[in-house]
Amino acid sequence: MVTEYREIGVGAIRYAKELTEEMSRTEIESSVEDLLQGVLNDPSDKRVKRCGYCGYWWRDDSLRNTKRTCCEDCKRSIKTLQRRKQRADKVLLNPELQTPRKHTLQDDYLWWLEYPCWANEYSMLKYGWKYERPMTVAKMDYVTNNHEMYGTGNRRKPRRTADYHGDNRDKL
């Protein structure tokens with residue numbers, strides 16, 4: 001029997017810790033395969049079973065021993081798989097129920113090519129104006145002048161006047 005292992009659940013981790021708490025690190029490393037095969041399990045313990053989702057051994061702590069998964073994450077993942085299968089079956093049986101996805105402007109951008117490009121010029125212009133907004137010459141002059149006047153920050157540079165007389169020096 002081949003078991004498909006997925007991401008391990010919390011209950012399986014707790015059970016593995018119970019089985020290996022007295023062992024040293026080297027003993028644990030050598031007994032990992034036995035742990036996965038169930039050799040370390042007590043055959044008289046009816047509460048030990050395999051998780052229905054992740055496939056690891058765990059001990060059921062429920063009152064009536066009826067749980068199928070080791071934790072809530074595994075239970076949620078099984079439900080997700082069931083819903084995905086139901087949706088796929090529903091579309092397969094009734095293809096007219098599937099609504100096609102609406103075409104967006106971003107769909108015309110061919111990003112996977114070696115040189116990404118737009119397949120439609122209208123989409124490029126409608127989508128790209130938000131990121132590459134063109135400016136008029138007057139607007140660019142305004143921005144350049146403000147940058148020269150205020151600098152890189154948002155404070156105005158103080159005006160500096162040169163003293164041309166030379167005799168108005170501060171006296172010490």
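These figures come from a predicted structure and were not determined experimentally.
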Report task. Ignoring hydrogens and angles, tell me if any N or O in the side chain of W57 forms a donor-acceptor pair with the backbone of L36 under 3.5 Å. Result ->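 It does hold such a pair.
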
Requested in this report: Determine yes or no for a side-chain-to-main-chain donor-acceptor pair under 3.5 angstrom, with N145 supplying the side chain and Y142 the backbone.
Outcome: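 A pair under 3.5 Å: no.
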
What closest approach, in Å, do [X] and [Y] show between heavy atoms, and which atom pair accounts for it?
| X | Y | result |
| --- | --- | --- |
| L105 | S123 | CD2-OG, 3.5 Å |
| R6 | Y56 | O-CE1, 3.2 Å |
| A119 | L110 | CB-CD1, 4.2 Å |
| V10 | C70 | N-SG, 4.4 Å |

Requested in this report: Please determine which of Y122, Y109, W118 meets the ring-ring contact (aromatic ring centres under 6.0 Å, His included) test together with Y127.
Outcome: W118

Query raised in the report: Where do D60 and K46 land on the salt bridge (Lys or Arg N to Asp or Glu O under 4.0 Å) test, with the steps shown first?
Result: CA-CA 9 Å; D60 190 355; K46 300 298 179 191; over 6 Å; no

**Report entry** Candidates K85, R83, K90 - the one meeting side chain to side chain contact (heavy atoms under 4.5 Å, CB included) with R87
**Finding:** R83

**Report entry** Separation between NZ of K67 and OG1 of T69, rounded to the nearest 0.5 Å
**Finding:** 7.0 Å

Report summary line: Rounding to 0.5 Å, atoms CH2 (W58) and NZ (K49) come to a distance of 5.0 Å

Requested in this report: Start with the C-alpha distance between E18 and R14, add both sets of side-chain angles, then the distance that settles salt bridge (Lys or Arg N to Asp or Glu O under 4.0 Å), and finish with yes or no.
Outcome: CA-CA 6 Å; E18 287 175 16; R14 193 178 312 121; over 6 Å; no

Query raised in the report: Is the number of heavy atoms from other residues, nucleotides or ligands within 6.0 Å of CD (E7) greater than 12?
Result: no

